[in-house]
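Encoded as structure tokens, the structure appears first; notes follow it.
In the text below, chain A, chain B and the rest are named by the order of the sequence lines, each starting its count at 1. Values below: every heavy atom of this structure, side chains too, minus hydrogens, waters and symmetry copies.
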Amino acid sequence: MKKTIGFILFIALACIFACNKDTDDVTNNTFTQADAEEWFNSSFKESEEWKQNADSQNKTPDWSNGTYLRKDSLEIFEFPLLENKATITVPQDKTITDSDTKKILDATLLRMAIIKTSTNEIIVRKLYYVPEYKYLLSKGYDISDIMLNKTNDDFTGLLITKNWNDALLSYHKVKNGKIEEILVKYDANKVKNNSLNSIKMNNYATAKASGLGDEQNLDDVVINNNYHAPVTYVYLPSQPYYPTTSPSYNPYGTGGGGGSSTGTTTLSVSETIEKNIDYTQLDPCPKDVYEKLKNATNSDIAAMLKKLGANKIYNMTMKMEPTNIAYAEAQRLSNYNYVIRVDRDRSTDGTKLYKATALVHEVIHAYFFSIVDDYSNNSNNDLKNNFSQLFEVYVKNQYPASNNKQDAQHKTMADKYVDAMASVLQEYDANNTVPYQVYKDLAWGGLMDAPIFNATFPPDSAESIRIKNRFNAESTGHAVGQGTPNVQSPVGKPCN
Amino acid sequence: MKNYFFYTVIILLLTANFSNTLFAQQKNEKYEALNAYFETIIKDTTQAVYVAKEKINSNETLNIFGLNDMMIIDRFGNGKGDATLYNKRDYEEMKKKYENSCIPGERIWWCRDDFWENNDFRYKKVILESINTIKKQEALLLKYDKIYVFSELLYYQNKNYLIFTVDALYLSGSNAHVVIMKKIKGKWIVTYKAQNPNVIN
């Protein structure tokens with residue numbers, strides 16, 4: 001009996017440790033390791049940032065040893081990264097021997113951080129944890145468990161942040177897991193007479209004098225450890241850095257100091273989505289309409305998706321096929337793979353503006369599908385089989401606590417949706433005589449079944465009738481509500 | 001010989017009468033459930049409600065139910081994901097009984113030989129309209145804003161449940177899902193809903 005209890009206890013403890021390895025707050029995060037991995041393998045590998053680095057293929061993340069933490073509005077995954085070669089600049093410490101310096105370099109960790117920001121952008125950073133010798137000694141020369149900002153982490157040393165293409169973003173001095181100061185790039189012309197100059201010179205520019213100068217034989221500092229293939233580190237005192245008096249505590253280069261923010265942004269994701277939409281199977285009229293939407297100068301499909309927050313790449317095909325009831329409908333074929341059906345027998349007299357409205361609406365449908373796919377393991381507590389229900393998913397994605405479908409958060413998201421869509425329609429229509437309200441009304445038309453619609457425009461109110469009449473006028477190509485104050489005539493042009 | 005003939009006629013008459021009674025009882029029970037549901041969605045009893053004359057093809061109901069994407073509904077109307085109702089054997093039995101039970105219309109989701117009648121609804125302000133062509137659908141939706149469409153009701157798990165599809169059509173789209181009802185304490189109650197989450201319009 002005791003053996004059985006002991007065995008069960010062992011299994012339970014093993015599970016707990018396995019599940020929580022090196023993680024903080026994992027249970028409540030919405031950005032999962034699978035998301036990070038999938039983003040890296042699909043979106044990031046399609047990005048310009050990846051393509052611009054000829055060495056991208058030679059950098060291999062170790063997905064099995066990821067660590068996670070949430071820091072303020074950032075969600076961060078760190079994965080050990082294997083590089084063929086790397087060059088970092090580190091300060092010379094004259095108090096330790098060359099042999100000890102080599103131990104520091106041997107123990108230096110290289111991690112790839114995949115960071116989701118508060119604006120749902122996802123970026124990649126390379127982090128080099130260079131330990132102080134005393135700290136390394138106290139850890140028995142093994143610092144593989146450290147992670148900045150993790151609870152109880154006591155890392156002491158230097159944290160170097162680079163972007164994927166090896167551009168240096170920042171140096172941070174860290175003590176007992178806390179950032180003490182940021183070291184920014186030294187500009188000799190600007191700080192010649194600055195007292196910080198001497199700090200810089202004393203601490204970072206004396207490597208050459210010690211014999212470990214910038215002509216250091218790279219073979220002397222070849223690194224071999226669990227995560228690195230042979231990596232070379234070289235001292236380059238000709239790129240000095242000095243401490244700033246207003247340190248940034250964001251070592252990830254996601255904005256707000258520590259270097260310029262680069263990386264794959266939402267725009268590039270949304271541009272990739274736009275690029276992935278195959279509309280070649282549409283009839284000539286809707287095809288022309290979509291092409292014009294896509295090629296708009298300011299508010300194109302990609303810009304709209306960016307506004308709405310799209311951060312995951314998906315594929316979409318548009319084709320002419322019978323639908324159930326509407327002019328166009330979206331179908332999910334598999335995760336992140338959708339088809340838009342356009343029915344050539346419906347809305348045959350509808351204007352081009354209506355067709356643009358319908359196509360844009362379906363593109364947003366597909367984006368909402370992708371949000372559902374992000375959470376495909378969630379339990380199904382609500383139907384998700386029409387647009388207003390998918391809109392609910394969209395709102396919940398941004399405001400998880402919002403339970404009243406007519407509350408301020410729903411209104412905020414409805415306005416966001418309407419403005420994003422109306423901007424696209426306005427630029428598409430390119431008609432200065434048509435007020436922006438017309439395009440907003442068309443966008444609201446897609447939300448007529450959502451509770452927030454009735455909350456914003458009470459049934460039978462002038463606004464509600466105007467929106468319905470506008471939508472119906474464009475979809476049928478003739479005036480609706482004639483003889484009433486809310487008559488609306490189509491402003492769009494017919495297809496033929 | 002005469003006796004045999006007499007008894008045969010009596011048995012046939014009784015059987016026919018029993019079948020008719022049974023059919024009528026089943027029909028009554030089904031429409032009692034439909035009306036119970038109808039009254040949960042129509043709150044404003046002063047308004048006319050537009051309903052499609054054509055029934056939704058029961059194949060749609062079977063297809064959606066077969067996806068097993070269901071929610072159990074509590075007494076407050078709140079849903080929670082549930083996969084316990086679907087049973088493959090029971091589903092196959094239901095499918096065998098009801099599949100292809102009507103002739104599809106211009107589009108396969110509606111029937112062209114199975115219709116609702118006003119008497120099927122307790123609510124007297126139901127206005128039945130034919131939606132048997134796409135042009136008619138568009139014209140009616142422009143006129144009425146919203147039209148309800150219902151499928152025939154199907155028994156599931158030895159008549160424990162009644163299942164049907166309901167759809168609310170708008171010019172901008174629709175909202176089709178399957179409703180699953182059970183008789184509890186003499187009243188038909190919505191206990192589950194099922195959906196096809198993969199097609200949205």
Most contacts with chain B, counted as non-hydrogen pairs under 4.5 angstrom, among Asp449(A), Thr323(A), Asp345(A), Thr357(A): Asp449(A)

Top contributor to chain B contacts, counting heavy-atom pairs under 4.5 Å, from Ala358(A), Ser388(A), Ser347(A), Gly446(A):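 Option with the top pair count is Ser347(A).
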
Among Phe121(B), Trp116(B), Trp188(B), the one residue meeting ring pair (Phe, Tyr, Trp, His ring centres under 6.0 Å) with Phe38(B): Phe121(B)

Among Tyr367(A), Trp444(A), Phe387(A), Phe453(A), ring pair (Phe, Tyr, Trp, His ring centres under 6.0 Å) partner for Tyr417(A): Phe387(A)

From CA spacing to verdict: ring-ring contact (aromatic ring centres under 6.0 Å, His included), Tyr98(B), Tyr155(B): CA-CA 9 Å; Tyr98(B) 296 111; Tyr155(B) 280 114; 7.7 Å; no

Where on [X] is there a heavy atom nearer than 4.5 Å to chain B: the side chain, the backbone, both, or neither?
X: Ala328(A); value: backbone
X: Phe369(A); value: side chain
X: Asp343(A); value: side chain
X: Thr476(A); value: side chain
X: Leu390(A); value: side chain

Tyr354(A) and Phe471(A) aromatic ring geometry - parallel, tilted or perpendicular at 30°/60° bounds: perpendicular

Can you tell me which portion of [X] sits under 4.5 Å from chain A's heavy atoms? Options are side chain, backbone, both or neither.
X: Lys135(B); value: side chain
X: Asn196(B); value: backbone
X: Asp145(B); value: side chain

Check: Tyr156(B) ring centre within less than 6.0 Å of Phe65(B) ring centre: yes

Tyr439(A) and Asp429(A): CA distance, side-chain angles, deciding distance, side-chain hydrogen bond (donor to acceptor under 3.5 Å, both in side chains) verdict: CA-CA 9 Å; Tyr439(A) 307 109; Asp429(A) 204 34; 2.7 Å; yes

Close side-chain approach of Ile56(B) to Glu152(B), heavy-atom, < 4.5 Å: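 No. Closest side-chain heavy atoms not under 4.5 Å.
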
